[in-house]
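What follows is one structure encoded as structure tokens, with my remarks underneath.
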Amino acid sequence: MDKKDEGIVRTRFAPSPTGYMHVGNLRTALYCYLIARKLKGTFVVRIEDTDRNRFIEDAEKVIFDTLKVCNLDYDEGPNKEGKVGPYKQSERVKQGIYLKYAKQLVEQGDAYYCFCGKEEIEEETCENNAFEKFKCNCPNLTKEEIENNIKQGKPYVIRQRIPEGKTSFVDAIYGTIEVDNSELEDMILIKSDGYPTYNFANIIDDHLMNITHVVRGCEYLSSTPKYTLLYKALGWNEPIYIHCPHITDEEHKKLSKRLGHASVNNLLKEGFLPQAIVNYIALLGWSPEDGQEILSLSQLIEEFDYHKIHKSSSVFDLKKFKWMNGEYYKAMSSEEFFEFIKPQLNRFPTEYSYEELADLLQERIECYSDIDNVLDFINELPDYTNEIFENQKLKVTKDIALEMLTKILPILEKTNDYSKDNITNVVKEFITEQNVKNGQVLWPLRAALSGKMSSAGGAYELFVVFKKDESIRRIKTAIQKLSEELK
RNA sequence: GCUCUCAUCGUCUAGUGGCCUAGGACACCAGCCUCUCACGUUGGCAACACGGGUUCAAAUCCCGUUGGGAGUACCA
């Protein structure tokens with residue numbers, strides 16, 4: 001990245017508090033964070049809460065909790081005041097920051113008061129083509145007319161006055177984009193409730209907060225020319241724009257709230273690790289030079305280069321994401337994984353070994369919902385038929401199974417230490433004694449313990465899970481069933 | 001509709017005119033390992049949207065077509 005920018009870079013994550021964090025949002029935050037950290041700059045968080053109709057309790061908490069759990073620490077923001085605060089737009093409104101600049105623009109002739117109500121605009125545009133732009137006479141009102149209207153208490157908004165000509169701006173990803181100003185609408189800067197619109201507050205704050213790199217979704221690409229015009233009118237320099245392509249679902253549509261995996265919070269609840277989430281979304285629309293796919297946050301900081309962000313959108317592939325999460329599970333120590341998965345184990349009998357259960361899960365699950373599949377032999381024995389004792393490849397028949405189980409049962413009953421090491425020794429000793437193949441003992445044991453053709457873990461692991469009582473009970477059941485049939 | 005924008009295996013991607021009979025990863029399939037499953041490992045399947053140019057040479061540059069996405073709010 002640009003060495004010359006080192007130390008002076010300021011990026012900002014500017015979410016509006018909607019009550020949930022979209023993975024696209026998180027990726028934007030991540031890219032902001034990476035750029036700031038890579039260039040030893042400053043990462044700012046600013047809350048854009050100018051929509052008073054959409055106030056949601058605890059919405060900000062979701063944002064900060066998510067950033068925290070993902071380790072994206074910020075340098076300035078709410079509860080971390082810097083020199084250019086406050087960092088909540090609703091508080092900035094109270095200081096009259098936005099109105100001041102709006103009035104300045106009106107003075108200059110770059111904005112105007114508009115007294116048209118929402119209803120009449122809607123009526124007008126409905127009668128004509130729905131796509132047609134609304135035109136009123138407000139831009140041409142005289143000073144006296146305006147003053148009169150205001151005196152009468154007529155509600156008004158302040159709109160940007162779009163000049164004639166063409167406007168172009170440069171985006172770091174998409175290059176130069178030019179549009180004819182006739183395509184641009186006189187957008188509202190100040191709403192009738194006195195609050196600024198997102199568009200206006202955004203550029204004012206980005207400038208006042210000395211933001212150098214503006215990272216946002218590419219849905220803003222089409223409104224950026226309007227911002228360019230505003231910057232020009234105010235005589236300010238534009239930041240570097242970095243518009244990121246969208247993250248989509250399998251149908252190539254914008255990831256919607258309905259889909260569980262659009263929400264970071266849901267992902268967390270489903271057992272996805274923050275590091276895996278961060279790692280995966282970083283790779284949606286960007287990839288490191290060496291092609292490595294498993295990257296820690298510090299590796300991401302090292303490798304990230306915003307110039308290499310793609311132009312085309314990418315699909316959020318749950319399968320690959322699950323794979324990656326599984327990789328993170330496997331990379332944990334068994335102690336770490338045990339602590340992580342413990343709360344999910346509550347629904348299994350407490351007399352069983354949770355440690356061994358966790359061990360069985362670690363290499364077999366990629367998120368919580370896989371657990372029941374893997375541990376389906378725990379509570380019941382659904383496929384418990386005598387057929388499971390037969391295995392042609394291992395030369396195991398029901399007779400042999402019955403014989404082995406019957407012979408080993410007294411040994412198991414005498415054994416009290418059901419630790420992995422000991423139980424392994426006991427069984428191995430028996431195998432040697434009998435002079436048979438491993439499988440001829442282990443297969444019947446595994447089948448008896450799990451009651452299934454296939455199970456997570458082998459005979460030894462299952463002994464450890466069930467410990468003595470349940471192990472004996474299951475083997476006795478197997479013996480009984482087999483002898484009933486073979487009588 | 002209009003404006004902007006995008007286009008390599010099913011998906012994430014490497015690729016910036018010759019190194020490409022297009023590489024990697026997920027998924028899928030097969031072999032090996034093995035007391036089953038899983039893990040691991042080895043191999044396989046599979047793509048430059050289409051049509052024109054430019055060039056000795058194009059996935060890479062230009063134009064068009066088709067297809068996708070976004071915007072078009074007193075939402076952000």
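Below, chains carry the letters A, B, ... as their sequence lines are ordered, and counting in each starts from 1.
Counting distance only, with no hydrogens placed and no angle test, the side-chain atoms of A:R364 and the base atoms of B:C37 include a donor-acceptor pair under 3.5 Å. Under 3.5 Å, the side chain of A:Y220 and the base of B:A70 form no donor-acceptor pair of N or O atoms. Applying the 3.5 Å distance criterion, the base of B:C37 shares no donor-acceptor pair with the side chain of A:S454.
Using a 4.0 Å heavy-atom criterion, one finds that A:K253 contacts the sugar-phosphate atoms exclusively. Contact annotation for A:G291: no contact, since no heavy-atom pair falls under 4.0 Å across all strands. Using a 4.0 Å heavy-atom distance criterion, A:L221 is classed as making no nucleic acid contact. Looking at heavy-atom distances under 4.0 Å, A:K393 makes contact with a base. Residue contacts for A:S223: at a heavy-atom cut-off of 4.0 Å it reaches no nucleic acid atom on any strand shown. Within the nucleic acid shown, A:Y460 comes within 4.0 Å of at least one base atom, counting heavy atoms only. Contacts of A:T18 with the nucleic acid, taken as non-hydrogen atoms under 4.0 Å apart, are absent. Using a 4.0 Å heavy-atom cutoff across all strands shown, A:S287 reaches sugar-phosphate atoms only and no base atom. Among the atoms of the strands shown, none is found under 4.0 Å from any heavy atom of A:K322. In this structure, A:G217 reaches neither bases nor backbone, as no heavy-atom distance under 4.0 Å exists between it and the strands shown. The residue A:L360 sits apart from the nucleic acid: no heavy atom pair falls under 4.0 Å. Across all strands, A:V315 comes closer than 4.0 Å only to sugar-phosphate atoms, never to a base (heavy-atom distances).
When the nucleotides B:C74, B:A25, B:A70 are ranked by their closest atom to the side chain of A:K191, B:C74 comes out on top. Checking B:G40, B:U36, B:G71 against every side-chain atom of A:W443, the shortest atom distance belongs to B:U36. With B:U13, B:A76, B:U5 as the choices, the nucleotide that has an atom nearest any side-chain atom of A:Y174 turns out to be B:U5. When distances run from any side-chain atom of A:E183 to the nucleotides B:G40, B:A76, B:C2, the shortest one goes to B:C2.
Of the P atoms belonging to B:C26 and B:C20, the separation is 22 Å, rounded to the nearest Å. B:A25 and B:U41 are spaced 10 Å apart, taking the P atom of each and rounding to whole Å. Atom name P, nucleotides B:C33 and B:U42: the rounded distance is 15 Å, in whole Å. When the C1' atom is used for both B:C6 and B:C45, the distance is 29 Å, rounded to whole Å. Taking atom P in both B:A22 and B:A27, the straight-line distance is 24 Å, to the nearest Å. Across B:A7 and B:A49, the matching P atoms stand 9 Å from one another, rounded to whole Å. As rounded to the nearest Å, B:G43 and B:C48 have C1' atoms that lie 25 Å from one another.
With a cut-off of 3.5 Å on both Watson-Crick or G-U wobble distances, the partner of B:C37 is given as none. For B:A49, the paired nucleotide is B:U65, the pair qualifying as Watson-Crick or G-U wobble because both relevant distances are below 3.5 Å. For B:A25, the paired base is B:U11 (Watson-Crick or G-U wobble, both distances below 3.5 Å). Base-pair partner of B:C2: B:G71 (Watson-Crick or G-U wobble, both distances under 3.5 Å).
Here the closest heavy-atom approach between residue A:F337 and residue A:I365 is recorded as CZ-CD1, 4.0 Å. Nearest heavy-atom pair across A:H246 and A:S313 is O-CB, 3.1 Å. The two residues A:P196 and A:V93 come nearest to each other via the heavy atoms CD-CG2, 3.5 Å.
A distance of 10.5 Å separates CZ in A:F377 from OG in A:S454, rounded to the nearest 0.5 Å. Between the CG atom in A:L482 and the OG1 atom in A:T477 there is a gap of 11.0 Å [rounded to 0.5 Å]. With rounding to the nearest 0.5 Å, the separation of CG in A:L229 from CD1 in A:I162 is 5.0 Å. Atoms CD and CG, on A:Q89 and A:D51 in that order, are 11.5 Å from each other to the nearest 0.5 Å.
The residue among A:K320 and A:F316 whose nearest nucleotide of RNA chain B lies closer to the 5′ end is A:F316. The nearest heavy atom of RNA chain B to A:K319 and to A:I365 marks one nucleotide each, and the one closer to the 5' end goes with A:K319.
Regarding A:K254, its NZ atom lies at a distance of 15 Å from the C1' atom of B:G68, rounded to whole Å. Rounded to an integer number of Å, the gap from A:E185 CD to B:U72 C1' is 7 Å. For A:E289 and B:G15, the CD to P distance is 8 Å, given to the nearest whole Å. A:N391 has its CG atom 8 Å from the C1' atom of B:U36, to the nearest Å. Remark: C1' of B:U36 and CZ of A:R446 are 4 Å apart, rounded to the nearest angstrom.
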Yes or no on side chain to side chain donor-acceptor pair (under 3.5 Å) for A:S334 and A:Q362, after CA distance, side-chain angles and deciding distance?
CA-CA 8 Å; A:S334 49; A:Q362 189 162 9; 5.2 Å; no

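Look at A:S312 and you won't find any side-chain N or O under 4.0 angstrom from OP1 or OP2 of B:U5.
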